[in-house]
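Notes follow the structure.
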Protein chains: 2
Amino acid sequence: MLRIVPARPATPTLYDVAREAGVSLATASRALNGSARRVREDSRVKVLAAAERLGYSTNAPAQAFARGGSTSIFLVVSDITDPFFAAIAAGAMRRAGSDGRLVLMGVTERDPARELDMVRTARRQRPAAIVLAGSRRHPDRTRAALLGELDAFEAGGGRVVAIGQDSLPYARVSFDHAGSGRDLAAAVAGLGYRRPLVLAGPAELQIARERVRGLADGFETAGIPLSGDRVVSGGFGRDDGEATMRDLLRAGVEADLVVAVNDVMAIGALAALREAGVGVPDRMGVAGFDDIAPSRDAAPALTTVRLPLEEAGSTRSSSPSATRSTRGCGSARRC
Amino acid sequence: MLRIVPARPATPTLYDVAREAGVSLATASRALNGSARRVREDSRVKVLAAAERLGYSTNAPAQAFARGGSTSIFLVVSDITDPFFAAIAAGAMRRAGSDGRLVLMGVTERDPARELDMVRTARRQRPAAIVLAGSRRHPDRTRAALLGELDAFEAGGGRVVAIGQDSLPYARVSFDHAGSGRDLAAAVAGLGYRRPLVLAGPAELQIARERVRGLADGFETAGIPLSGDRVVSGGFGRDDGEATMRDLLRAGVEADLVVAVNDVMAIGALAALREAGVGVPDRMGVAGFDDIAPSRDAAPALTTVRLPLEEAGSTRSSSPSATRSTRGCGSARRC
DNA sequence: TTGTAGGCGTTATCAA
DNA sequence: TTGATAACGCCTACAA
């Protein structure tokens, strides 16, 4: 008689391991994952051997389900190719790895609607924490919906952490943007620059506004009032920095220094200056914020304010402690 | 009489939604996730309204568990701050997003042991596919274990894709490194360079070896035999490129061109040349592979071979089709 | 079109 | 220390 053997799923389950090891399901579970290790050594060995023999792999979704949650961290970033966010992500993953956690990641591409969407997706995964790294805009249309999701997540026992977004009512890792701006202004003023120009980025971006505010404060203190026409709005990316700078050069602005509200923009501005044949730093200095990795290779050197991005990504708890630090300039002459 | 209200988990379940909507569990399930939409419009509306009212969020682990798997993609990369991998990741996430999938990510930090570990972690998540982006080394000690895991994963119905690692017996997205090397050699020879030096990276790295082989071929064809002493081994990172170049300069090598096996190293070499006051590209040209984003801002410009990284990350199926393309040089004089 | 009921793999409770 | 067994939240035949 030919019996049809049911096409058992090729992946063995804990049940298979238990049977193979000659113990109960409970014992197998405890041996492989149990926290309170109250399993006799010899049966532990049996179970492990059986698991090995069968090529057993824990079914994490099932486990998370049974436990009512996982230990994963869901990280929401704007754009993973932006060194700023890559550094944060690297920090988070390094930390998670050493904690035996998994990092799930979603990108928003700087679109608030997609951000909301990613948070919904994140919530569905039932992670231990949702970490938001991005930047809020001023008229924040999706804010209510976002807070609704996040509050519900916290109500369910989840943890929410906002990196660099102090306007969110959750645990946060914050950067003192205004303070960094003041420091940077003081530093460049100390280097002798007198006619600064500020590439301010988008007016709606809080991070950009705070940095500009800090710069204005700092220059003011140094006796260099920053009039409104010296602060130019524009986009927040590399190409935006290049375009804005190019426009300014074409318009014939006078300045001995350009400060962009982030390094990426500063690098763009550098390209525009190079193209226009304006000597840096002789005829014009260039400065930015963040001290991202590529800034190190910007030639000529950039003056930049360092932000502890990797640390931010790897910070576990997060009292609203402002962190900032400045960094000296590279090898360029006046910096 | 005071009754203790059981502390119900704050997150409502599908069961709660069904009750709230006055329908059965099955109907609620079908209305919210069902594929074959055979739910009457009015009850569909009732369910959606109830879900909205309760702030219901699907329990993805439970769903994945019940369905016996998820649609997620697990991406394993060496280092997310490396623009090379960031580009691949961005491509994968973009694609996944438009497919309504989630990307789980793990980093190996170029450590084979950690890679094996990440693959195990990946398998536990029961994703639809595991995508490996990295580079294999030659004496590949973990290979057997790795293949064991991946084979088991495929046996369980999963899909494995290797990006840029043709030695793995799975679906792959491959780059024609040797071809790129030939192209690059031909291009720079055409620009008039005659005394090339190659920063070859680690001898164990297959990707590096193939590129070097292509370069040697190409130079040979151009009548510029590449003797062994013109090919210098070293690390694969930016700092390695800088260090190797610095050593070479100190040793007084003669050359009119340096070709690094990747842009990151080339950028490092550029830093060493700048430091040593060697004019680029007048006294020495610099070339690399990958055409990563920061290369665009390398000053002076780099000659580089473009690789379709984002496309690679977003490629769904993957016949072993080799893809390559070259790119012209930037604004520098001789390139 | 809707509801009932069994099952998915693991954990956790409670006896033995 | 171990073993039954009942959840856990959702999906899906199967029946109604």
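Predicted, not measured: the structure shown is a model, and the values here were computed from it.
Nearest nucleotide to the side chain of B/Ser43, out of C/dT2, D/dC10, C/dG9: C/dT2. Considering only side-chain atoms of A/Val23, the nucleotide from C/dT10, D/dG3, C/dT2 that sits closest is D/dG3. Side-chain proximity of A/Arg40 to the nucleotides C/dA12, D/dT2, C/dT1 is greatest for D/dT2.
Residue A/Arg44 contributes atom CZ, which lies 13 Å from atom P of D/dT1 at whole-angstrom precision. If you measure from atom CD of A/Gln125 to atom P of D/dG9, you get 16 Å, rounded to the nearest angstrom.
A sub-4.0 Å separation between OP1 or OP2 of D/dC10 and a side-chain N or O of B/Asn33 is absent. Within the structure, a side-chain polar atom (N or O) of A/Tyr56 is placed less than 4.0 Å from OP1 or OP2 of C/dT10. The phosphate of D/dC8 (OP1 or OP2) has no side-chain N or O of B/Asn59 nearer than 4.0 angstrom. The phosphate of D/dG9 (OP1 or OP2) has no side-chain N or O of B/Gln63 nearer than 4.0 angstrom. In this structure, B/Ser29 does not reach the D/dC10 phosphate: none of its side-chain N or O atoms is under 4.0 Å from OP1 or OP2. For C/dG3, the OP1/OP2 oxygens have a side-chain nitrogen or oxygen of B/Ser24 closer than 4.0 Å.
The backbone N or O of B/Thr71 sits less than 3.5 Å from a side-chain atom of B/Arg101, completing a donor-acceptor pair. Of the possible polar contacts, none joining the A/Glu149 side chain to the A/Arg123 backbone as a donor-acceptor pair under 3.5 Å is found. Side-chain N or O atoms of A/Thr13 include one that pairs as donor or acceptor with a backbone N or O of A/Tyr15 at under 3.5 Å.
No hydrogens or angles were tested; on distance alone, nothing pairs the side chain of B/Arg67 with the base of D/dG9 as donor and acceptor under 3.5 Å. Taking only distance into account, the side chain of A/Arg30 meets the base of D/dG3 through a donor-acceptor pair shorter than 3.5 Å.
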Should A/Arg67 and A/Asn33 be marked as a side-chain contact (heavy atoms from CB on, under 4.5 Å) after you check the CA-CA gap, both sets of side-chain angles, and the distance that decides it?
CA-CA 12 Å; A/Arg67 288 183 174 157; A/Asn33 315 302; 3.8 Å; yes

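Stacking between B/Phe65 and D/dC10 is absent: the ring centroid is not both under 5.5 Å from the six-membered base ring centre and under 30° in plane angle.
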